[in-house]
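Before any comments, here is the structure.
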Amino acid sequence: MSRVLSAVAWPYANGPRHIGHVAGFGVPSDVFSRYMRMAGHDVLMVSGTDEHGTPILVTADKEGKTARELADESNRVIVEDLHGLGLSYDLFTRTTTGNHYRVVQEMFRTCLRNGYMVEQTSLSAISPSTGRTLPDRYIEGTCPICKYADARGDQCDNCGNQLDPTDLVDPRSKINGETPQFVETQHWFLDLPAVADALGEWLDGREASGTWRPNVIKFSQNILEEIRPRAMTRDIDWGIPVPGWEDQPTKRLYVWFDAVIGYLSASIEWARRLGEPEKWREWWTDAEAESFYFMGKDNIVFHSQIWPAELLAHNGAGSRGGEPGAYGVLNLPTEVVSSEFLTFGDAQFSTSRGHVIYVRDMLERYGPDPLRYFICAAGPETSDAAFTWADFVTRNNSELVAGWGNLVNRTATMVAKSFGEIPAAGPLEEVDEAVLATVRGGFESVGSLVERHRLRAAIAEAMRVVGEVNKYLTVTEPYKMKDESQRERLATVLHVALQCVSDCNTLLAPFLPHAANKVHAVLGGEGELFPMPRIEQVDELEPDSGAGLTSYPVITGDYSATPRWEPRPVVVGTPIAKPTPVFTKLDPSVVEEELARLS
RNA sequence: GGGGCGGUAGCUCAGUCGGUCAGAGCAGAGGACUCAUAAUCCUUGGGUCGUGGGUUCGAGCCCCACCCGCCCUACCA
């Protein structure tokens, strides 16, 4: 039994999330967390919505809302979507809470005191009308090299040369077309070179563990070579105030400085709401505790460089030395688990072009588990993977429905017809022992794959076991045992089959928790065997410290009753009624319907 | 431009230390069966493992070059 922190990437609150997002961080982290709880670990799974930064301001302006309003709306939608998917967060909160503000400011002060925050002046683009920092991404102009008219501030798409926004001829804001001003501005920079050696050591150690995906560790080591100080403040009026710069309300902490601290602040908030305000330390300052960070590949740099750098600076563990702050020596990530991208057909998801599938729509039309199944079985685990509606329907119909759902259905139907309850088994034959051993073996084989974040292989292995049980029924032919003289053998086979179905259901529960509870009911069980998260409206803990929240929805849950990752004997005599199908077969026409929605 | 990943049967992909590694699932074909959401079970198909070199007794797996696709390139979350 060990402490496991599941640190799940924070969805950005500038609109609803599409299925590519939850394929990257959501489903993989939940499968892992559910499994680890079943395996007996003490899991703390935290996340929340990331609500600061320029894009929210831009979107809010465009939609005629305040940033606060947009963040509130997006937060609610995202909370509902993630809850609908059954993601079992201990706490899913947000970055505009007073608790988060205070933790971030404490982190900043400690990094500053330890000497890892250095003040520098740099030339940066400002939007004259708002006074806000204009990120390079939002600046366009004519390329000074090839004269391409729509070069970006960071690079010319036409000639490929790297640019600085100040190089552009006739620069203009992509947001409103105005000409940006380039002004000298002061900011706090995180002295990344001062922690570079410590980062390198940490990464080498992680590489030696052999657990990280090769591309993640390589990429992380590569970006270490060109490490430079990085600004942690911005000229912006939406964000966390900079300690010591209270007299400069237009300067705030950079969104990424605060967002990654969310893992810590959410853990603290969870402990406070639990009434045991120090309990978070068990996951953060105990050297034995492990932490797993889940995200899409675009976030690797923030989790393998920026966040560990902040932790090292806070711990006083860089070349400038220092003392840990009030939180003590905080653990660096055990593993950065990054997914690649889920593409939609042969192109990336694109909200602006309408080339997108929202989580909400998916849940409404098909429910959570078919999507969870698809993501686990065919998701972007180690390379980009394509979602197509045709593939989705095929996976659902031929694997979920025909493979697993049908096994549940045929077994329960036979038991209901012949006995009406779970029969006692007579003497076991070799074929019975064999199938039971196969299913028992699944706990080891599936479990070790999930532990290594190999969900595609894990769910395939679970489905292979399901296939073995289907084969068992074909071989033993219980449906032919109509004579009274075969009654005992019939009872034995159906008992064994039911036991296998029950255990397969346990094997599949981390992947398909909703279905697992339905199957549990089909097998005569009551209530929710596999605990599900709930949405709860909570009061802001520190209304005076944050961004004006008074109450907000969180995802939380009590997962203490999670069943163990092991076979669980079925109870003889449990009534079994004729079942209704657990999974729904999809008509192939949904492919056409869905494609038609896009246009 | 720099860095990374990938290019294996019609489709989606496995292939850890180089030597039963040429595989799985789906689709297709044939057969069996009928308890089940026309589900299930069995059999089957042969793809010069992107291209061209090289190392080796032996290479999808190592090296070099090239072609193609994708991602990242840091104040875009």
Side-chain angles (χ1 to χ4, degrees), chain A residues 9-14 49-56 58 95 122 124-125 133-138 152-155 159-162 187 189 192 210 213-216 218-223 225-228 230-236 254-260 295-302 305-306 340-341 343 346 348 377-378 381-386 388 390-391 394-395 397-399 401-403 405-418 454 456-457 460 463-464 467 470-475 477-481 494 497 579-585:
Chain A
W10 291 53
Y12 195 61
N14 66 340
T49 45
D50 173 11
E51 305 182 7
H52 296 126
T54 310
I56 283 183
V58 174
T95 58
S122 62
S124 107
T133 295
L134 196 56
D136 292 358
R137 176 62 171 256
Y138 288 107
R152 299 193 323 232
D154 50 354
Q155 181 177 354
C159 65
N161 281 292
Q162 276 199 37
H187 286 295
F189 282 64
L192 290 164
R213 289 175 181 160
N215 55 332
V216 179
K218 273 188 178 176
F219 178 79
S220 303
Q221 289 171 321
N222 186 260
I223 55 178
E225 288 168 18
E226 295 179 38
I227 200 164
R228 294 197 306 259
R230 190 168 161 163
M232 289 294 142
T233 52
R234 290 291 182 280
D235 293 291
I236 192 171
Y254 170 45
V255 58
W256 265 112
F257 180 81
D258 92 71
V260 288
M295 73 213 69
K297 62 182 165 185
D298 52 337
N299 277 349
I300 294 175
V301 65
F302 296 100
Q305 184 170 103
I306 307 294
E340 303 294 302
F341 283 164
T343 60
D346 53 6
Q348 280 207 43
E381 202 166 284
T382 54
S383 63
D384 291 355
T388 65
D391 200 16
T394 298
R395 292 266 181 194
N397 288 356
S398 67
E399 298 179 32
V401 177
N406 181 54
L407 174 63
V408 173
N409 218 38
R410 68 194 298 209
T411 307
T413 300
M414 282 189 277
V415 172
K417 275 189 194 169
S418 302
R454 299 195 47 182
R456 295 175 67 126
M463 293 303 284
R464 184 192 68 78
N470 264 321
K471 187 188 296 187
Y472 170 77
L473 290 177
T474 299
V475 171
E477 301 179 315
Y479 41 83
K480 286 186 178 172
M481 302 174 185
L494 291 184
T580 52
V582 170
F583 298 99
T584 305
K585 187 164 182 174

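Proteins get letters first, then strands, A, B, ... in listed order; numbering begins at 1 in each. If you're wondering where the values come from, they're calculated on a predicted model, not measured in any experiment.
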Side-chain N or O of [X] less than 4.0 angstrom from OP1 or OP2 on [N]?
{"X": "R410(A)", "N": "C33(B)", "answer": "no"}
{"X": "K471(A)", "N": "U40(B)", "answer": "no"}
{"X": "T382(A)", "N": "A14(B)", "answer": "yes"}

Interatomic distance at [atom1], [N] relative to [M], whole Å:
{"N": "C61(B)", "M": "G6(B)", "atom1": "C1'", "result": "15 Å"}
{"N": "G52(B)", "M": "C67(B)", "atom1": "P", "result": "15 Å"}
{"N": "A14(B)", "M": "A9(B)", "atom1": "P", "result": "12 Å"}
{"N": "U48(B)", "M": "U34(B)", "atom1": "C1'", "result": "45 Å"}
{"N": "C71(B)", "M": "C63(B)", "atom1": "C1'", "result": "25 Å"}
{"N": "A65(B)", "M": "G1(B)", "atom1": "P", "result": "15 Å"}
{"N": "C70(B)", "M": "G58(B)", "atom1": "P", "result": "38 Å"}
{"N": "G10(B)", "M": "U51(B)", "atom1": "P", "result": "14 Å"}

Looking across every strand, which nucleic acid part, if any, lies under 4.0 Å from [X] by heavy atom: base, sugar-phosphate, or nothing?
{"X": "T411(A)", "answer": "nothing"}
{"X": "N409(A)", "answer": "base"}
{"X": "N397(A)", "answer": "nothing"}
{"X": "V582(A)", "answer": "base"}
{"X": "R456(A)", "answer": "sugar-phosphate"}
{"X": "V255(A)", "answer": "sugar-phosphate"}
{"X": "R213(A)", "answer": "nothing"}
{"X": "F583(A)", "answer": "base"}
{"X": "Q305(A)", "answer": "base"}
{"X": "A231(A)", "answer": "base"}

Once you round it to whole Å, what is the distance between [atom2] of [N] and [atom1] of [X]?
{"X": "M463(A)", "N": "A24(B)", "atom1": "CE", "atom2": "P", "result": "18 Å"}
{"X": "K297(A)", "N": "G3(B)", "atom1": "NZ", "atom2": "C1'", "result": "13 Å"}
{"X": "E477(A)", "N": "C42(B)", "atom1": "CD", "atom2": "P", "result": "14 Å"}
{"X": "D384(A)", "N": "C72(B)", "atom1": "CG", "atom2": "C1'", "result": "11 Å"}
{"X": "D391(A)", "N": "C11(B)", "atom1": "CG", "atom2": "P", "result": "13 Å"}
{"X": "F219(A)", "N": "G4(B)", "atom1": "CZ", "atom2": "P", "result": "11 Å"}
{"X": "I300(A)", "N": "C71(B)", "atom1": "CD1", "atom2": "C1'", "result": "9 Å"}

Within the structure provided, determine whether [X] and [Y] are in side-chain contact (heavy-atom separation under 4.5 Å).
{"X": "I223(A)", "Y": "I300(A)", "result": "no"}
{"X": "I236(A)", "Y": "H52(A)", "result": "no"}
{"X": "T54(A)", "Y": "V255(A)", "result": "no"}
{"X": "K585(A)", "Y": "F583(A)", "result": "no"}

Taking the minimum atom-to-atom distance to the side chain of [X], which one of [options] wins?
{"X": "K480(A)", "options": "U34(B), C75(B), A39(B)", "answer": "U34(B)"}
{"X": "P581(A)", "options": "U37(B), A39(B), C41(B)", "answer": "U37(B)"}
{"X": "R230(A)", "options": "C75(B), C35(B), A39(B)", "answer": "C75(B)"}
{"X": "R454(A)", "options": "U40(B), C35(B), A14(B)", "answer": "A14(B)"}
{"X": "F341(A)", "options": "A74(B), C72(B), C33(B)", "answer": "C72(B)"}

Item to complete: Enter syn or anti for the glycosidic conformation of G45(B), syn applying to angles within 90° of 0.
Response: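 Chi for G45(B) falls in the anti range.
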Worksheet item: Between K297(A) and E340(A), is there a salt bridge with N-O shorter than 4.0 Å?
Response: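 Yes, E340(A) and K297(A) are salt-bridged.
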Discussion item. Run through RNA chain B and report every stem of 3 or more consecutive Watson-Crick or G-U pairs, distances under 3.5 Å, ordered by first number.
Written reply: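 Only these stems qualify: B:1-7 with B:67-73, B:10-13 with B:23-26, B:28-32 with B:40-44, B:50-54 with B:62-66.
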Discussion item. Tell me if the side-chain of N406(A) makes a donor-acceptor pair with the base of A39(B), cut-off 3.5 Å, by modelled atom types.
Written reply: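 Such a pair does not exist between side chain and base.
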Worksheet entry | Polar pair under 3.5 Å, donor/acceptor by atom type, side chain R234(A), base C75(B) |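 Between C75(B) and R234(A), which were checked side chain against base, a qualifying N/O pair under 3.5 Å is present.
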Worksheet item: Are Y479(A) and R410(A) close enough that a side-chain donor and a side-chain acceptor fall under 3.5 Å?
Response: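 Not at all, the side chains of Y479(A) and R410(A) share no donor-acceptor pair under 3.5 Å.
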